[in-house]
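Structure, as structure tokens:
Note that these values count all heavy atoms, side chains included, but never hydrogens, waters or copies made by symmetry.
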Amino acid sequence: MLSAFSRAFKTPDLRKKLLFTLGIIVIYRIGTHVPIPGVDYGNVQFCVDQAKSTSGLFGLVNMLSGGALLQITIFALGIMPYITASIILQLLTVVIPRLEALKKEGQSGTAKITQYTRYLTIALAILQGTGLVATARTGTLFQGCQRANEIVPDPSIFVTITMVIVMTTGTAVVMWLGELITDRGIGNGMSILMFISIAATFPAALWTIKEEGSLADGWIEFGTVILVGLVMVGLVVFVEQAQRRIPVQYAKRMIGRRSYGGTSTYIPLKVNQAGVIPVIFASSLLYIPALVAQFAGGQSEWKTWIERNLTTGDHPIYMVTYFLLIVFFAFFYVAISFNPEEVADNMKKYGGFIPGIRAGRPTAEYLSYVLNRITWPGSLYLGLIALVPTMALAGFGANANFPFGGTSILIIVGVGLETVKQIESQLQQRNYEGFLR
């Protein structure tokens, strides 16, 4: 990996792309530290320093925004609205025939869906910005902080609208920066910004483990966490690279005096076909009961039960529910993102077949059977990756959103592997020496 980066910096056009990407990253990180108007920054810092941990959806969004959410900066919402909009559009593609037709139109249809994603991102940013301002004004954002109700000193409607507009504009700028990286830089822009947001929380989280440790002034806990993180990274890389290759052969056809086809290839089915989406879905869905109980008045039995069982990540009921939701969403997302019948029809159209399997419906049934078989270990792996850090690192004072947790480690490894692959592919396109020898 390091050799690929060094060779990329020696190539002039790749060096320009890498430096452009680094420049956009610097701008993004500066924006995560610029507070929005209408917020008392001193009180925000006081409550942030007082808060020991943040769990639930707030913790997830804060991690994906690089810590900008709790700082209430112009990039407080980060890229979460864009991620949510992309997932919603992907789900609606299966339900709405118009979107499905656009997806099949190729580049023009994809551009149209991308435009819809931008509009939905702005709408979600307005909604989430309004919710963030409301929680900040009521003191819910920092529960237990003495100055939580003083974060927004002026509760007037003009200040509230100004704060929402600034945060929505910040989301639009983040989306634009991501698209700039995609067009003129290296890798997928949104994935790169997500990677940087999570990586930015590493130093503070690791140093907190060291300061709260008691063995050898915290260095033993610090080293243990680093070791556990390296083992998890190796495990995630191994599983993310694992795939089941379905062999495909294409029949030889004679057109005039030329023969076409007769080649052999394969369909790569990844063990973790769903990626990190099931973990995000499960985290968001589990936070809804806690959010409802948080805003509900009084002290009823159902509210007490939710606060006791579904708000802390180390509770057995929470962990079992979290694990089952991840498994369910893994199968659900794979079912809507991979269509065996469509793949079988395309293979039949171009004269392809799986050895020993008839073309058409038997091929679709075989692909569905194999996909279900490999989704089971993939979904169980996602559930374990999401839960093991919570259980293993609980003794070191880590919370559910520790950088080596399920969501963060999956995103970091996935984006890192994809970026390195893109750099290596572009290096191969510019190096013809191997073909000339």
Side-chain angles (χ1 to χ4, degrees), residues 4 90-91 93-94 97 99-110 113 187-188 236-278 330-382 413-414 417-437:
Q90 196 167 6
L91 295 176
T93 303
V94 185
L99 293 177
E100 188 175 2
L102 284 175
K103 185 179 179 181
K104 295 179 180 179
E105 287 182 4
Q107 187 174 359
S108 60
T110 304
I113 293 178
N188 183 282
V236 171
V237 170
F238 177 77
V239 178
E240 290 295 321
Q241 296 288 82
Q243 56 182 221
R244 168 71 184 275
R245 295 182 175 182
I246 308 280
V248 178
Q249 292 184 356
Y250 287 90
K252 185 177 293 185
R253 296 175 297 171
M254 296 297 297
I255 301 179
R257 295 184 178 181
R258 293 186 178 182
S259 63
Y260 296 89
T263 59
S264 299
T265 183
Y266 60 86
I267 301 174
L269 297 180
K270 294 181 63 177
V271 173
N272 181 22
Q273 192 84 1
V276 74
I277 301 299
F331 277 92
F332 175 75
Y333 188 78
V334 169
I336 66 172
S337 62
F338 186 89
N339 190 349
E341 295 183 358
E342 183 180 351
V343 175
D345 291 341
N346 291 334
M347 288 171 54
K348 185 178 180 180
K349 185 186 302 182
Y350 294 102
F353 64 93
I354 300 174
I357 307 295
R358 293 182 59 186
R361 187 171 185 84
T363 299
E365 293 176 351
Y366 176 75
L367 290 175
S368 179
Y369 169 75
V370 174
L371 194 62
N372 288 332
R373 290 282 297 272
I374 66 173
T375 302
W376 270 113
S379 61
L380 297 177
Y381 146 80
L382 282 176
V413 172
L417 289 175
E418 188 63 30
T419 305
V420 170
K421 286 180 181 178
Q422 290 197 21
I423 293 176
E424 289 181 345
S425 65
Q426 294 201 28
L427 283 173
Q428 289 178 359
Q429 292 177 5
R430 291 163 174 79
N431 185 9
Y432 300 98
E433 184 178 357
F435 297 101
L436 296 176
R437 285 182 176 177

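- Annotation for Gln243 and Tyr266: closest pair OE1-CE1, 4.1 Å, computed over non-hydrogen atoms.
- In summary, of the residues considered (Leu371, Ile267, Ile357), a side chain to side chain contact (heavy atoms under 4.5 Å, CB included) with Ile246 occurs for Ile267 alone.
- Between Ala330 and Pro278, the shortest heavy-atom contact is CA-CG, 3.5 Å.
- Of all non-hydrogen atoms in Pro355 and Pro247, the two that sit nearest each other are CD-O, 3.4 Å.
- Between Gln241 atom CD and Asn272 atom CG the span is 11.5 Å, to the nearest 0.5 Å.
- Distance CG/Leu417 to NZ/Lys421: 6.0 Å, rounded to 0.5 Å.
- Between Glu342 atom CD and Leu367 atom CG the span is 12.0 Å, to the nearest 0.5 Å.
- Rounding to the nearest 0.5 angstrom, the gap separating the CZ atom in Phe353 from the CE atom in Met347 is 9.0 Å.
- Taking every heavy atom of both residues into account, Thr363 and Arg358 meet most closely at OG1-O, 2.6 Å.
- Closest approach of Lys348 and Ala359 over heavy atoms only: CG-CB, 4.3 Å.
- Here CD1 of Ile354 is found 10.5 Å from CD of Gln249. Values are rounded to the nearest 0.5 Å.
- Remark: Glu365 engages Arg361 in a salt bridge (Lys or Arg N to Asp or Glu O under 4.0 Å) (not counting sequence neighbours).
- Within 6.0 Å of CD in Glu341 there are 12 or fewer heavy atoms belonging to other residues, nucleotides or ligands.
- Distance check, rounded to the nearest 0.5 Å: OG1 of Thr265 to CZ of Arg245 gives 9.5 Å.
- For residues 373-382, every residue pair satisfying the side chain to side chain donor-acceptor pair (under 3.5 Å) rule, not counting sequence neighbours, is listed here: Glu240-Tyr381, Tyr369-Arg373.
- Checked by atom type and distance alone, the side chain of Gln273 pairs as donor or acceptor with a backbone atom of Lys270 at under 3.5 Å.
- The two residues Glu100 and Thr93 make their nearest non-hydrogen contact at CB-O, 3.4 Å.
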